[in-house]
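Below: one structure, written as structure tokens.
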Amino acid sequence: MNSSLLVWGASGSLFILGAAFLVLRRQLIAMIIGLELMINAANLNIVAYAARRGDAAGLAAAMLVIAAAAAEAVVGLSLILNLLREEGAAESDRIRELSG
Amino acid sequence: MAATALAICGGCAVLFAAFALFQRTLYGSALCLLAVLLQVGAAYFLIGAPLLGLIQVLVYAGAVMVLLVVAVMSSPPQLNEPWAGGTAKWLAWLAVLAPAAELLSLLRAASGAPAALQRAPAALERQMAFLLFGPYAPLTEIAGLLVLVAALSILRESHE
């Protein structure tokens, strides 16, 4: 069985499902979940091809992507918590304005 | 054998991602995401990057999931209509069927091909560490700074 095709299929499917989450769900937390799915799909592809080619730079890039994605999740969830405290709900169609 | 395990991991990850899409409660979606993240970590092990698999489990399935569960606990329990529009649920079914068809066609194509799974040697991870703390050290510092700033932002948020 060709493992490259398997990884390709799994990561492509995860990316499509993450994009569907991001576009079709209303809750901001669900949208963050979709974003995490998409980042993981991309990372899976990077790691698979880096390991296959013996490319350490690809693995290092995947490590940095994990760190950046964790920071993104923290900031996103912190913004959502702030929105929950001020608006009482975290739905995408209820955000009408941004103020500094 | 490893390719079969990889196929099971990938299939389970896609299955749980599809389950997550159709959960009415955010708790259900978060638990399905946890399953997906663990499957992706296991896939890293099988691909030949065990260190990244360990970091995936620690950072994603550990730290990020805790934050996600805290956010879910703070949010209202359930929405009457979680979908973005009237036809969104049908589009979501389409988003499940398209990857299923893709996976099936790829499995069919992959079954005849020779196994191409390669185990990365431990030297590869040593090389990665050398890159991260050698030529890529500024990038590593920036990523660390980013995580620190994010942690400070959530501390400030909880303080308020």
Inset, instruction - Tell me, for Ile33(A) versus chain B, whether the close heavy atoms (under 4.5 Å) come from the side chain, the backbone, both or neither. - result: both
Inset, instruction - Can you tell which part of Asp55(A) gets under 4.5 Å to a heavy atom of chain B, answering side chain, backbone, both or neither? - result: backbone
Legend entry - Side-chain heavy atoms of Glu72(A) within contact of Glu36(A), under 4.5 Å: yes
Inset, instruction - Report yes or no: does Arg25(A) contribute a side-chain atom to a donor-acceptor pair with the main-chain N or O of Leu21(B) at less than 3.5 Å? - result: yes
Legend entry - chain A interface, residue from Leu139(B), Ile142(B), Leu68(B) that has the most non-hydrogen pairs under 4.5 Å: Leu68(B)
Inset, instruction - Flag yes if Leu37(B) and Leu51(B) sit in one hydrophobic cluster, no otherwise; membership is Ile, Leu, Val, Met, Phe, Trp, Tyr, and two members link when side-chain heavy atoms are under 4.5 Å apart. - result: yes
Legend entry - Validation row: Tyr60(B), Ile39(A) side chains within 4.5 angstrom (heavy atoms): yes
Legend entry - Considering all heavy atoms, the nearest Gln23(B)-Ser29(B) contact: CB-OG, 3.5 Å
Legend entry - Region of Ala70(A) in contact with chain B, defined by heavy-atom distances below 4.5 Å: both
Legend entry - Selection from Ala30(B), Ser153(B), Ala143(B), Ala150(B) maximising heavy-atom pairs under 4.5 Å formed with chain A: Ala150(B)
Inset, instruction - Can you tell which part of Leu131(B) gets under 4.5 Å to a heavy atom of chain A, answering side chain, backbone, both or neither? - result: side chain
Inset, instruction - Could you look at Ala17(B) and say if it's the side chain, the backbone, both or neither that has a heavy atom under 4.5 Å from chain A? - result: both
Inset, instruction - Considering only heavy atoms and a distance below 4.5 Å, find which of Gly144(B), Ala20(B), Cys9(B) pairs most often with chain A. - result: Ala20(B)
Legend entry - Pairwise side-chain contact, Gln56(B) with Asn40(A), heavy-atom cut-off 4.5 Å (strictly under): yes
Inset, instruction - Please examine the side chains of Leu44(A) and Tyr44(B), heavy atoms only from C-beta on, and report whether any two atoms are closer than 4.5 Å. - result: yes
Legend entry - Top contributor to chain A interface from Val72(B), Val36(B), Leu52(B), Val64(B) [non-hydrogen pairs under 4.5 Å]: Leu52(B)
Inset, instruction - Mind listing the closest non-hydrogen atom pair of Leu132(B) and Thr140(B) along with its distance? - result: O-OG1, 2.7 Å
Legend entry - Contact origin within Ala69(A) toward chain B - heavy atom pairs under 4.5 Å: both
Inset, instruction - Report the option among Leu83(A), Leu81(A), Val75(A), Ile29(A) that has the most heavy-atom pairs separated by less than 4.5 Å from atoms of chain B. - result: Ile29(A)
